[in-house]
2 protein chains.
Amino acid sequence: MSLPDGFYIRRMEEGDLEQVTETLKVLTTVGTITPESFSKLIKYWNEATVWNDNEDKKIMQYNPMVIVDKRTETVAATGNIIIERKIIHELGLCGHIEDIAVNSKYQGQGLGKLLIDQLVTIGFDYGCYKIILDCDEKNVKFYEKCGFSNAGVEMQIRK
Amino acid sequence: MSLPDGFYIRRMEEGDLEQVTETLKVLTTVGTITPESFSKLIKYWNEATVWNDNEDKKIMQYNPMVIVDKRTETVAATGNIIIERKIIHELGLCGHIEDIAVNSKYQGQGLGKLLIDQLVTIGFDYGCYKIILDCDEKNVKFYEKCGFSNAGVEMQIRK
């Protein structure tokens, strides 16, 4: 499935700080992040790779993506897929989709599903045997439309 | 909470391949893993670090632990906590507990809870603002005893 006219998708960059922060606020607290710290984060995300026995195939640990409105160069949506190397499933790879957010001005245009499709494609291209995510009960139907099914309960502990 | 007499906990090592594989079989398919591949995995897990602005504090990306029976040097339980660096919560850290397994011969001795307590301690010592895990409905009560609470639904997609 391709993006609607007027949008493109790319990896997150240093210059996205302000707009990504704005977009992520629909999810939770973001807080104050300096351009310097964000630049270090992007550098770390761009350098962290996952060990792969096939050395020709580079697997990025973090895959932070943004969907951008071409007309205004505005970030319309963002999400990440983190790749984990396990022992089970013959040293298998598991993808963790995290921090999906669609800017309130761009909701209802199907961008969320397109973002998920792209992140799933990234994970399966790397060879993940499964991709998981945690969501609120109210979003289960949306993720079912994206091809996901209920797999269990998310539990958390906070300090 | 400390381990019962006769057990100790340590980071997983190369030599644990056979026993860890045996322990993980209670969870799912492990498949065939050569000592050479496992050695590469352990090396990767021991070298992968998470970017931290406080450079004096090294944060390990993967923290694979084993509880060992001192008498027989047998792996009684294993589990991992993977550390993710996010944007939200001021470039916060989230811990992901994965692949918890207690060897069938050692079940019913409280080792599972001690393992979870240790992994939670590791995550909070690194500064995680939250630690999450996914489990079957039937294990919710166990994780509640470990201090966790229900946070949402786990969704998955497989190739």
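Naming convention: chains lettered A, B, ... in sequence-line order (proteins, then strands); numbering from 1 in each chain.
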### Query
Quick one: does B:Trp45's side chain have a donor or acceptor within less than 3.5 Å of a partner on A:Arg85's backbone?
yes
### Task
Can you tell which part of A:Ile33 gets under 4.5 Å to a heavy atom of chain B, answering side chain, backbone, both or neither?
side chain
### Residue A:Leu41 versus chain B: region with a heavy atom under 4.5 Å
both
### Message
Using a 4.5 angstrom heavy-atom cutoff, name the option from A:Leu27, A:Thr28, A:Ile82, A:Asp99 with the most pairs to chain B.
### Response
A:Asp99
## Note on the structure
side chain to side chain donor-acceptor pair (under 3.5 Å) pairs touching residues 119-131 of chain A, sequence neighbours excluded, are A:Asn63-A:Tyr126
### Query
So which of B:Asn139, B:Asp134, B:Thr21, B:Val140 has the biggest tally of heavy-atom pairs under 4.5 Å with chain A?
B:Asp134
### Query
Measuring heavy-atom distances to chain B, does A:Val120 have an atom under 4.5 Å in its side chain, in its backbone, in both, or in neither?
side chain
### Query
Does the A:Asn54 side chain pair with the main chain of A:Asp56, one donor and one acceptor, at a distance under 3.5 Å?
yes
### Query
If you take all heavy atoms of B:Ile83 and B:Gly123, which pair is closest and at what distance?
CD1-CA, 4.5 Å
### Query
Which of the residues B:Thr32, B:Ile97, B:Thr49, B:Ile88 is involved in the greatest number of heavy-atom pairs with chain A at under 4.5 angstrom?
B:Ile88
### Query
For A:Met65, does its backbone N or O pair with a side-chain atom of A:Thr78 as donor and acceptor, under 3.5 Å?
yes
### Task
Measure A:Cys94 against the heavy atoms of chain B and call it side chain, backbone, both or neither at under 4.5 Å.
neither
### Message
For the interface with chain A, which of B:Cys128, B:Cys135, B:Gly147 has the highest count of heavy-atom pairs at distances below 4.5 Å?
### Response
B:Cys135
### Task
Heavy-atom pairs under 4.5 Å with chain A are the metric here; pick the option from B:Ile131, B:Leu24, B:Ile132 that has the most.
B:Ile131
## Note on the structure
In short, side chain to side chain donor-acceptor pair (under 3.5 Å) pairs touching residues 7-20 of chain B with sequence neighbours left out are B:Tyr8-B:Glu73, B:Arg10-B:Asp16, B:Arg11-B:Asn46
### Partner chain B: residue of A:Glu47, A:Glu84, A:Lys25, A:Glu144 with the largest heavy-atom pair count (under 4.5 Å)
A:Glu84
### Query
What option among B:Ile87, B:Leu17, B:Leu91, B:Thr29 has the most heavy-atom pairs under 4.5 Å with chain A?
B:Ile87
### Message
Strictly less than 4.5 Å between heavy atoms, which residues of residues 150-159 of chain B line up against chain A? Please order them by number.
### Response
B:Asn150, B:Ala151, B:Gly152, B:Val153, B:Glu154, B:Met155, B:Gln156, B:Ile157, B:Arg158, B:Lys159
### Query
Any side-chain donor paired with an acceptor under 3.5 Å for A:Asn80 and A:Tyr62?
no
### Task
Could I get the full list of ring pair (Phe, Tyr, Trp, His ring centres under 6.0 Å) partners for A:Phe38, not counting sequence neighbours?
none
### Query
Which atoms of A:Ser149 come close to chain B, meaning under 4.5 Å heavy atom to heavy atom: side chain ones, backbone ones, both, or neither?
both
### Summary
Applying a strict 4.5 Å limit to non-hydrogen atoms, the region of A:Lys86 in contact with chain B is both
#### Entry: Derivation of the side chain to side chain contact (heavy atoms under 4.5 Å, CB included) call for B:Ser37 and A:Asp53
CA-CA 8 Å; B:Ser37 293; A:Asp53 220 10; 4.1 Å; yes
